[in-house]
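These numbers come from the heavy atoms of this one structure, side chains and all, not from hydrogens, waters or symmetry mates.
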Amino acid sequence: MTKVAVVTGSSSGIGLETSLLLARNQFKTYATMRNLNKSTQLQEIAVKEKIPLKIIPLDVNDEASVNYAFDTILKENETIDVLVNNAGYDVFGSLEELTIDEIKGQFETNFFGVVRTTKAVIPTMRKQGGGVIINVSSIGGKVGLVPFNTPYHASKFALEGFTESLRHELAEFGVRAILIEPGGVKTNFVDNIKTAKNHNPNDSPYAKTMQKIFEAMGPIMADATHPSEVAQVILSAVNSNAPDIRYAVGKDAESILKVRSELSDNELEKWVRESFMEKKGFVRTS
Ligand SMILES: NC(=O)c1ccc[n+]([C@@H]2O[C@H](COP(=O)([O-])OP(=O)(O)OC[C@H]3O[C@@H](n4cnc5c(N)ncnc54)[C@H](OP(=O)(O)O)[C@@H]3O)[C@@H](O)[C@H]2O)c1
């Protein structure tokens, strides 16, 4: 029987590549996005390749939009076999200059967005006795790597704990939740970073250090992974009979996990800071 997959945030990057890969592998794929004006590229590829991909609107921040999307999918299908929770963004700034609303906004998308869509699929997956929920976290959900990124790290750490706990309660119904932890990925992610509205570079006590971090971002992202690699890992996890709980993706992510297991917390913190300040990146060569 044809399997049905749903992907959030399919307008670009990891979501776009994952939607295409799932459809190319004969999953009937609902590529969802909050702004259908961004669907042209994906639509053209799907038509050209004649793959089973349908684009529908879904804003993970909006309960009504989530309900409408899943109602539509369930009217057209008896099952939902795969949910890829991918939609996310990054808000950048010192905690002092970030507003509570900006921090809540980060959680609204990166955490509560996942909660909403996951709640929408659980009844179907539970009743059908199986399903896979892929949560695109980050290596930043394991280690607080990036300075001035407290909301992002907190949202991804939350997603990690949420997923680990959820796995226990869904296991008896054959439903699996799996974490994907990419390092740097070449997508629109950096261009889409929101900066704290109250940050004034001419007046902020954090301006000098923030500028250094921004400058380090370029060299660190230069070696970033292609989003199609993340999509491949997601497809393998979906198709596996015995998937891992989490998959780190990219040389940097693997290196960070290795360093994390070998160093003390204090040594790890020093390594992270030096990696940024000296623009060395996160792939340890020695
Ligand atoms: N790139 C990296 O280095 C990296 C590393 C680790 C983890 N990740 C994670 O990977 C995921 C995908 O990011 P990406 O790298 O592919 O970046 P991206 O190219 O910026 O894509 C992000 C996607 O999320 C969508 N989105 C944002 N808010 C949304 C909302 N409220 N409802 C629905 N969709 C929404 C965006 O839609 P619009 O086009 O409408 O904005 C876009 O489709 C994120 O969860 C991110 O945290 C990325």
Check against side-chain contact (heavy atoms from CB on, under 4.5 Å), L21 and E17: CA-CA 6 Å; L21 190 65; E17 293 290 344; over 6 Å; no

S11/N35 under side chain to side chain donor-acceptor pair (under 3.5 Å): CA gap, chis, key distance, verdict: CA-CA 8 Å; S11 68; N35 180 359; over 6 Å; no

Residue pair M125, I133: steps toward the side-chain contact (heavy atoms from CB on, under 4.5 Å) verdict: CA-CA 10 Å; M125 289 187 174; I133 299 163; 3.9 Å; yes

Test side-chain contact (heavy atoms from CB on, under 4.5 Å) applied to V175 and I122, step by step: CA-CA 8 Å; V175 181; I122 284 177; 5.9 Å; no

Criterion side-chain contact (heavy atoms from CB on, under 4.5 Å) on V91 and I103, from CA distance to verdict: CA-CA 8 Å; V91 63; I103 297 165; 5.9 Å; no

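A salt bridge is defined here as a Lys NZ or Arg NE, NH1 or NH2 lying under 4.0 Å from an Asp or Glu carboxylate O, and E269 with R273 meets this definition. Residues E44 and K48 are not paired through a salt bridge, judged by the lack of any N-O separation under 4.0 Å between the basic side chain and the carboxylate. For E108 and R116, the salt-bridge test passes: some basic side-chain N is under 4.0 Å from an acidic carboxylate O. Looking at K156 and E181, no side-chain N of the basic residue comes within less than 4.0 Å of a carboxylate O on the acidic one, giving no salt bridge.
Side-chain contact of N135 with S137: a donor-acceptor pair under 3.5 Å is absent, judged by distance alone. Using modelled atom types and a 3.5 Å distance limit, the side chains of Q106 and E102 yield no donor-acceptor pair. Between the side chains of N198 and T99, no donor-acceptor pair is found at a separation under 3.5 Å. Between the side chains of Y206 and E96, a donor-acceptor pair is found at a separation under 3.5 Å. A side-chain donor from one of N61 and T109 sits under 3.5 Å from a side-chain acceptor of the other.
The closest side-chain heavy-atom distance from K251 to D223 is not below 4.5 Å. The side-chain heavy atoms of V185 and E229, taken from C-beta on, include no pair separated by under 4.5 Å. Residues R246 and T163 are not in side-chain contact: their nearest non-hydrogen atoms beyond the backbone lie 4.5 Å or more apart. Using a 4.5 Å heavy-atom cutoff, the side chains of T117 and T8 are in contact. Counting heavy atoms from C-beta on, the side chains of E267 and E262 never come closer than 4.5 Å. Between I55 and Q43 the shortest side-chain heavy-atom distance falls below 4.5 Å. A heavy-atom distance below 4.5 Å is not found between the side chains of V230 and T18. Using a 4.5 Å heavy-atom cutoff, the side chains of L42 and M33 are in contact.
Atom NZ of K28 is surrounded by more than 12 heavy atoms from other residues, nucleotides or ligands within 6.0 Å. Shown here is D265, whose CG atom has no more than 12 heavy atoms of other residues, nucleotides or ligands within 6.0 Å. In this structure, L36 places its CG atom where more than 12 heavy-atom neighbours from other residues, nucleotides or ligands lie under 6.0 Å away. In this structure, E274 places its CD atom where more than 12 heavy-atom neighbours from other residues, nucleotides or ligands lie under 6.0 Å away. Counting heavy-atom neighbours within 6.0 Å of F112 CZ, excluding the residue itself, gives a total of 12 or less. By the 6.0 Å contact criterion, CG on N25 is enclosed, its count of non-hydrogen atoms from other residues, nucleotides or ligands being greater than 12. Within 6.0 Å of atom OH in Y68, 12 or fewer heavy atoms from other residues, nucleotides or ligands are found, so the atom counts as exposed in its surroundings. Around the CD atom of E278, the shell of radius 6.0 Å holds more than 12 heavy atoms that belong to other residues, nucleotides or ligands.
The cluster map of Ile, Leu, Val, Met, Phe, Trp and Tyr, joined by side-chain heavy atoms under 4.5 Å apart, puts V82 and I178 in the same cluster.
Between atom CE of residue M1 and atom CD of residue E78 there is a gap of 6.0 Å, rounded to the nearest 0.5 Å. The OG1 atom of T195 sits 9.0 Å away from atom CG of D90, with the distance rounded to the nearest 0.5 Å. Separating the CG atom in L20 from the OG atom in S228 is a distance of 10.5 Å, to the nearest 0.5 Å. Interatomic distance, K142 NZ to L257 CG, rounded to the nearest 0.5 Å: 7.0 Å.
Between V7 and S19 the shortest heavy-atom distance is CB-OG, 3.5 Å. A pairwise comparison of heavy atoms in I213 and P147 identifies CD1-CG, 3.5 Å as the closest pair. In this structure, Q128 and G130 approach most closely via the heavy-atom pair NE2-O, 2.9 Å. Closest of all the heavy-atom pairs between N110 and S155 is ND2-OG, 3.2 Å. Nearest heavy-atom pair across A5 and L22 is CB-CD1, 4.0 Å. Listed here is the closest heavy atom pair of R176 and S240: NH1-O, 3.4 Å.
Remark: the backbone N or O of S65 is not paired with any side-chain donor or acceptor of D59 at under 3.5 angstrom.
In this structure, Y152 shares a hydrophobic cluster with F189, the cluster being traced through Ile, Leu, Val, Met, Phe, Trp and Tyr side chains under 4.5 angstrom apart.
The aromatic rings of F276 and F282 sit perpendicular, their planes meeting at an angle over 60°, well past the 30° parallel limit.
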